[in-house]
Amino acid sequence: MKIEGNCREVCEATEFVAMVTAGDDGPHLVGNWGDYMRALGVEEDRIVLPAGRYHTTERNLGKNSRIQLMVASRSVQGTRS
């Protein structure tokens with residue numbers, strides 16, 4: 001999946017990134033700063049984030065590679081209400 005259009009605009013303007021993985025104990029939520037994401041890379045088809053001390057996230061991804069990200073920015077016009 002390519003990161004383009006509104007999705008790319010939001011990635012370039014967001015202040016935070018929330019990441020959710022699924023584990024044996026249910027969902028696990030961690031956050032990161034948008035500045036770190038932009039510094040390391042919003043590439044054509046992937047986002048690079050620092051993940052120091054994300055032991056539970058790493059363990060969850062070892063069992064299930066699916067991840068949900070939430071990025072938001074008031075400065076980017078949305079496609080919904």
Closer than 3.5 angstrom, by distance alone: can the side chain of Arg8 be matched with the main-chain N or O of Val42 as a donor-acceptor pair? yes
Could you tell me which non-hydrogen atom of [X] sits nearest to which non-hydrogen atom of [Y], and how far apart they are?
X	Y	result
Thr14	Ala72	OG1-O, 2.8 Å
Asn32	Tyr54	ND2-OH, 3.4 Å
Glu15	Trp33	O-CE3, 3.3 Å
Val76	Asn6	CG1-O, 4.3 Å
Gly23	Asn60	CA-OD1, 3.3 Å

Find the distance between [atom1] ([X]) and [atom2] ([Y]) and round it off to the nearest 0.5 Å.
X	Y	atom1	atom2	result
Glu12	Ile3	CD	CD1	10.0 Å
Cys7	Lys2	SG	NZ	13.5 Å
Arg66	Leu61	CZ	CG	12.0 Å
Glu4	Glu44	CD	CD	8.0 Å
His55	His28	NE2	NE2	10.0 Å

Do you reckon [X] sits in the same ILVMFWY cluster as [Y], going by side-chain contacts under 4.5 Å, direct or chained?
X	Y	value
Leu69	Val30	yes
Val17	Ile47	yes
Leu49	Met70	no
Phe16	Leu40	no

Between Asp24 and Arg59, is a salt bridge (charged side-chain N to carboxylate O under 4.0 Å, His left out) present by the stated rule, with each step listed? CA-CA 10 Å; Asp24 295 336; Arg59 191 169 42 254; over 6 Å; no
Determine, stepwise, if the pair Val48 / Glu43 fulfils side chain to side chain contact (heavy atoms under 4.5 Å, CB included). CA-CA 8 Å; Val48 180; Glu43 299 175 3; 3.9 Å; yes
Can you tell me if CG on Asp25 sees more than 12 non-hydrogen neighbours from other groups inside 6.0 Å? no
